[in-house]
Amino acid sequence: MSSTLAVQPNQRTSSKRQVSTLPLVGPSVVVLLIWMIVPLVMTLWFSLQHLNLLNPDNNSFAGLSNYIALLSTPALWISIFNTLVLVGSVLVITIGLGTLLAVLFNEEFWGRSIARLLAIAPFFVMPTVSALIWKNMLMHPVNGLFAYITRSLGFGAIDWFAQYPMLSVILIVSWEWLPFALLILLTAIQSQDDEQVEAARMDGAKSLAIFRFITLPHLGRAIAVLAMIETIFFLTIFAEIFVTTSGGPGLATTNLAYFIYLRALFEFDVGGASAAGLLAVILANIVAIFLMRIVARNLDV
Amino acid sequence: MAAKPKLRRRIWTTALGWLAAGILFFPIFWMVLTSFKTEVEAIAIPPKLFFQPTLENYSTINDRTDYFSFALNSVLISVGSTLLALLFAVPAAYAMAFFPTKRTKGTLLWMLSTKMLPPVGVLVPIYLIFRNLSLLDTRIGLTIIYTLINLPIVVWMIYTFFKDVPKDILEAGRMDGASTRQEVFQVLLPLALPGIASTGLLAIILSWNEAFWSLNLTTTNAAPLTTFIASFSSPQGLFWAQLSAASSLAIAPILIFGWLSQRQLVRGLTFGAVK
């Protein structure tokens with residue numbers, strides 16, 4: 001389709017303008033290059049230094065000792081475990097429910113477009129607001145709505161953030177991201193071949209069979225893309241934890257992002273925080289490599 | 001006969017669809033409702049569904065918390081960073097869409113890949129650079145960060161919109177002797193304007209709701225609404241009705257923008273991998 005444009009830089013066809021592209025593309029490339037390279041190289045450099053801002057004179061080359069110290073810190077492993085639990089749970093919830101909701105919202109029903117607007121609304125609420133609505137008005141152990149409901153049912157009030165801190169954070173993040181999953185999967189489902197579904201229905205296929213053998217395989221790639229994008233975002237969930245639990249109680253909701261934040265801006269341990277930061281970069285890159293492959297395949301230039 | 005199961009199916013899907021929408025929207029509804037209560041009613045048990053609504057929270061919020069200076073920060077930072085990103089992105093997207101070279105695809109993919117760098121990975125150096133350049137808690141500082149984090153998405157989206165502009169139209173203008181400048185400003189940009197506008201809208205939404213850099217790099221002077229709302233998390237700040245009023249005002253414009261730009265959101269945030 002765009003193959004006519006596949007000309008070499010120097011031999012343009014006569015109807016093409018002579019436009020030098022470098023001054024046009026250059027600024028974007030340069031600022032992004034600086035944004036990407038400079039902090040990353042600095043993180044790498046800091047991670048090899050003994051550098052604590054509380055004690056700035058005591059600055060020396062550390063070699064790999066920051067990494068060794070970091071890897072033997074139990075808090076790091078707890079935070080990595082918490083990160084995996086958080087990412088995994090929210091992925092399962094948003095993709096599972098998101099698929100069901102996408103199938104539901106793909107059906108014609110009365111007032112569907114308004115219902116869909118309401119359903120996707122949580123995604124546009126800023127994270128700090130989402131976290132506080134849940135923390136105060138819904139999950140508060142005394143005055144919250146959930147406490148009122150569980151007490152009315154005779155179960156007594158649950159102190160969500162004290163008793164089930166991780167579950168509480170998972171619920172909040174899932175509520176924020178379920179609409180995103182719904183939007184993506186609904187877009188994907190709408191490109192499904194209706195005739196194929198109709199033909200299967202004519203042949204007497206039950207709805208469940210249609211979902212299992214036609215819709216789900218069709219959604220495969222969208223689900224993969226969704227899972228990878230969500231993973232990259234979820235690896236660094238921060239605001240929700242910052243506002244609700246501050247990583248606690250203890251380390252119960254400290255994920256890798258919050259661990260690095262505590263190290264850097266509370267203990268001012270620049271070296272250790274940088275080493276942990278690089279660890280986060282590596283984790284994200286493992287996912288990013290697969291995601292970029294799919295993006296590259298879909299990009300026609 | 002055949003119509004009956006169809007009707008029954010429709011009743012079922014309507015009920016389920018509205019139930020799902022109701023559950024998902026409920027926390028927002030509850031917050032907006034609380035914003036019209038007094039502080040005493042806001043924490044009342046049993047919760048009050050019916051009450052004498054008051055606008056007091058909305059009128060007092062600025063007296064007590066300086067709400068509008070935070071809102072102004074949000075507007076200036078998100079609009080400023082979006083305009084800056086567009087300024088960088090439109091020429092780049094133009095060059096890549098209409099004058100592709102063998103490096104174009106690689107460049108685009110590389111730009112998108114910068115989005116995948118986790119912000120905590122560079123928190124320490126950015127914080128120190130900002131401290132040394134006195135950019136901490138300044139609007140300029142946060143604007144620069146948001147421009148950079150949104151730039152890849154903005155370039156990518158405008159690129160796809162430019163690719164959708166029919167080549168024949170540009171060709172025709174060229175035949176009539178239009179200069180490059182005329183071609184761009186009188187033909188291309190008007191055609192691509194809806195796409196550019198919705199890209200801008202998406203960038204504003206993303207900047208407005210961003211809460212990692214704003215929480216870490218601002219405190220008071222340049223704090224946008226995300227940081228301001230976070231200050232309600234302290235125990236002494238448990239004014240639910242006021243918090244609800246502030247939150248309702250903070251999310252209302254973005255909710256409307258979001259509803260307007262759902263399609264672009266899917267396109268932009270999946271980099272075209274889901275169609």
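Labels below follow one simple rule: chain letters A, B, ... track the order of the sequence lines, proteins then strands, and each chain is numbered from 1. When reading the values below, keep in mind they use all heavy atoms of this one structure, side chains included, and skip hydrogens, waters and symmetry mates.
- The main-chain N or O of A/Trp110 is found under 3.5 Å from a side-chain atom of B/Trp18 such that the two form a donor-acceptor pair.
- A/Thr128 places a side-chain N or O within 3.5 Å of a backbone atom of B/Thr226 that can act as its donor or acceptor partner.
- Taking the side chain as every heavy atom from C-beta outward, A/Pro39 and B/Ile126 approach each other to under 4.5 Å.
- Contact count against chain B (heavy-atom pairs under 4.5 Å) is highest for A/Leu145 among A/Leu145, A/Ile237, A/Leu278, A/Val142.
- With a threshold of 4.5 angstrom between heavy atoms, B/Trp208 approaches chain A through its backbone and through its side chain.
- Both the backbone and the side chain of B/Ile254 come within less than 4.5 Å of a heavy atom in chain A.
- Contacts between B/Phe228 and chain A at a heavy-atom distance below 4.5 Å are absent for every atom of the residue.
- Residue with the most contacts toward chain A among B/Met31, B/Met111, B/Met116: B/Met116 (heavy-atom pairs, distance under 4.5 Å).
- When heavy atoms are compared at a cutoff of 4.5 Å, A/Val125 approaches chain B by way of both its backbone and its side chain.
- Looking only at side-chain heavy atoms (C-beta outward), B/Thr104 and A/Val25 stay at 4.5 Å or farther from each other.
- In this structure, chain B has no heavy atom under 4.5 Å from any part of A/Arg263.
- Looking at heavy atoms from C-beta onward, B/Val124 lies out of side-chain contact with A/Met42 at the 4.5 angstrom threshold.
- Applying the 6.0 Å contact sphere to CZ of A/Arg151 captures more than 12 heavy atoms from other residues, nucleotides or ligands.
- A pairwise comparison of heavy atoms in B/Pro119 and A/Thr236 identifies CD-OG1, 4.0 Å as the closest pair.
- Here the closest heavy-atom approach between residue A/Gly144 and residue B/Trp240 is recorded as N-CH2, 4.3 Å.
- Residue contact with chain B, scored on non-hydrogen atoms closer than 4.5 Å, involves the backbone and the side chain of A/Leu40 alike.
- Nearest heavy-atom pair across B/Pro125 and A/Phe46 is CA-CE1, 4.1 Å.
- The part of A/Leu291 that comes within reach of chain B is its side chain, from C-beta onward, which places non-hydrogen atoms under 4.5 angstrom from that chain.
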Next on the checklist: side chain to side chain contact (heavy atoms under 4.5 Å, CB included), that's the test. Do A/Leu178 and B/Leu24 meet it? Break it down for me.
Outcome noted: CA-CA 9 Å; A/Leu178 180 54; B/Leu24 279 168; 3.9 Å; yes
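- Per-residue heavy-atom pair counts under 4.5 Å with chain A were compared for B/Leu123, B/Leu128, B/Leu87, and the maximum is reached by B/Leu128.
- Contact count against chain A (heavy-atom pairs under 4.5 Å) is highest for B/Leu265 among B/Ile205, B/Leu265, B/Thr34, B/Leu112.
- Interface residue A/Ser274: backbone and side-chain heavy atoms are both found under 4.5 Å from chain B.
- B/Leu255 and A/Ala121 make their closest contact through CD1-O, 3.6 Å (heavy atoms, listed as atom of the first residue, atom of the second, distance).
- Ranked by heavy-atom pairs under 4.5 Å with chain A, the first of B/Ile144, B/Thr227, B/Thr147, B/Ile28 is B/Ile28.
- Counting only heavy atoms from C-beta outward, the side chains of A/Trp35 and B/Ile145 approach each other to under 4.5 Å.
- Side chains of A/Met137 and B/Ser244 form a contact here, defined as non-hydrogen atoms less than 4.5 Å apart.
- Closest heavy-atom contact between B/Ala211 and A/Ala239: CB-CB, 3.6 Å.
- A/Ser28 places a side-chain N or O within donor-acceptor distance of the main-chain N or O of B/Phe88, the cut-off being under 3.5 Å.
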Item to check | Residues A/Leu32, B/Trp110; criterion side chain to side chain contact (heavy atoms under 4.5 Å, CB included); working and verdict | outcome: CA-CA 10 Å; A/Leu32 281 176; B/Trp110 170 76; 3.7 Å; yes
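- Between chain A and the options B/Val122, B/Ile11, B/Leu206, the largest number of non-hydrogen pairs under 4.5 Å is found for B/Val122.
- Chosen from A/Ile260, A/Ile184, A/Leu279, the residue pairing most often with chain B at heavy-atom distances under 4.5 Å is A/Ile184.
- For a residue to count as touching a neighbouring chain, one of its non-hydrogen atoms must lie under 4.5 Å from one of that chain's; by this rule B/Ile229 touches chain A with backbone and side chain alike.
- When heavy atoms are compared at a cutoff of 4.5 Å, B/Ala89 approaches chain A solely by way of its backbone atoms N, CA, C and O.
- The candidate with the highest count of non-hydrogen atom pairs below 4.5 Å against chain B, out of A/Asn143, A/Leu235, A/Leu33, A/Leu97, is A/Asn143.
- Residues A/Leu138 and B/Phe26 form a side-chain contact, since some pair of their non-hydrogen atoms from C-beta on lies under 4.5 Å apart.
- A distance of 5.5 Å separates OG of B/Ser74 from CE of A/Met126, quoted to the nearest 0.5 Å.
- If you measure heavy-atom distances from A/Glu240 to chain B, you find no contacts under 4.5 Å at all.
- Every ring-ring contact (aromatic ring centres under 6.0 Å, His included) that A/Phe238 has, sequence neighbours left out, goes to A/Phe242, A/Tyr258, A/Tyr261, B/Phe212.
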Item to check | Chi angles and distances behind the side chain to side chain contact (heavy atoms under 4.5 Å, CB included) call for B/Thr107, A/Val29 | outcome: CA-CA 8 Å; B/Thr107 309; A/Val29 170; 3.9 Å; yes
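- Within the 4.5 angstrom heavy-atom criterion, no atom of A/Val41 approaches chain B.
- Note that the CE atom of A/Met292 and the NZ atom of B/Lys115 stand 12.5 Å from one another [nearest 0.5 Å].
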Next on the checklist: Between A/Phe124 and B/Phe257, does the side chain to side chain contact (heavy atoms under 4.5 Å, CB included) criterion hold? Intermediate values first, please.
Outcome noted: CA-CA 9 Å; A/Phe124 301 112; B/Phe257 286 179; over 6 Å; no
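- Among the candidates A/Ala115, A/Ala224, A/Pro27, the residue making the largest number of heavy-atom pairs closer than 4.5 Å to chain B is A/Ala115.
- Contacts between A/Ser113 and chain B at a heavy-atom distance below 4.5 Å are absent for every atom of the residue.
- With a threshold of 4.5 angstrom between heavy atoms, B/Leu109 approaches chain A through its backbone and through its side chain.
- Annotation for B/Trp259: atom CH2 counts as buried by contact number, over 12 foreign heavy atoms lying within 6.0 Å.
- Contacts of A/Trp134 with chain B are made by side-chain atoms alone, with heavy-atom separations under 4.5 Å and no backbone atom involved.
- No side-chain heavy atom of B/Phe25 sits less than 4.5 Å from a side-chain heavy atom of A/Leu117.
- For A/Leu101, the part sitting under 4.5 Å from any heavy atom of chain B is the side chain, from C-beta outward, and nothing else.
- Heavy-atom pairs under 4.5 Å with chain A peak, among B/Thr114, B/Leu16, B/Asn216, at B/Asn216.
- Heavy atoms of B/Leu148 lying under 4.5 Å from chain A belong to its backbone as well as its side chain.
- Looking at A/Ile133 and B/Trp30, their side chains never come closer than 4.5 Å, going by heavy atoms from C-beta outward.
- Remark: A/Ile149 CD1 is packed, more than 12 non-hydrogen atoms of other residues, nucleotides or ligands lying under 6.0 Å away.
- Partners of B/Arg9 according to the salt bridge (charged side-chain N to carboxylate O under 4.0 Å, His left out) rule, which considers only residues two or more places apart in sequence or in another chain, are A/Glu107.
- Scanning both residues, B/Leu269 and A/Ile229, for their nearest heavy atoms gives O-CD1, 3.2 Å.
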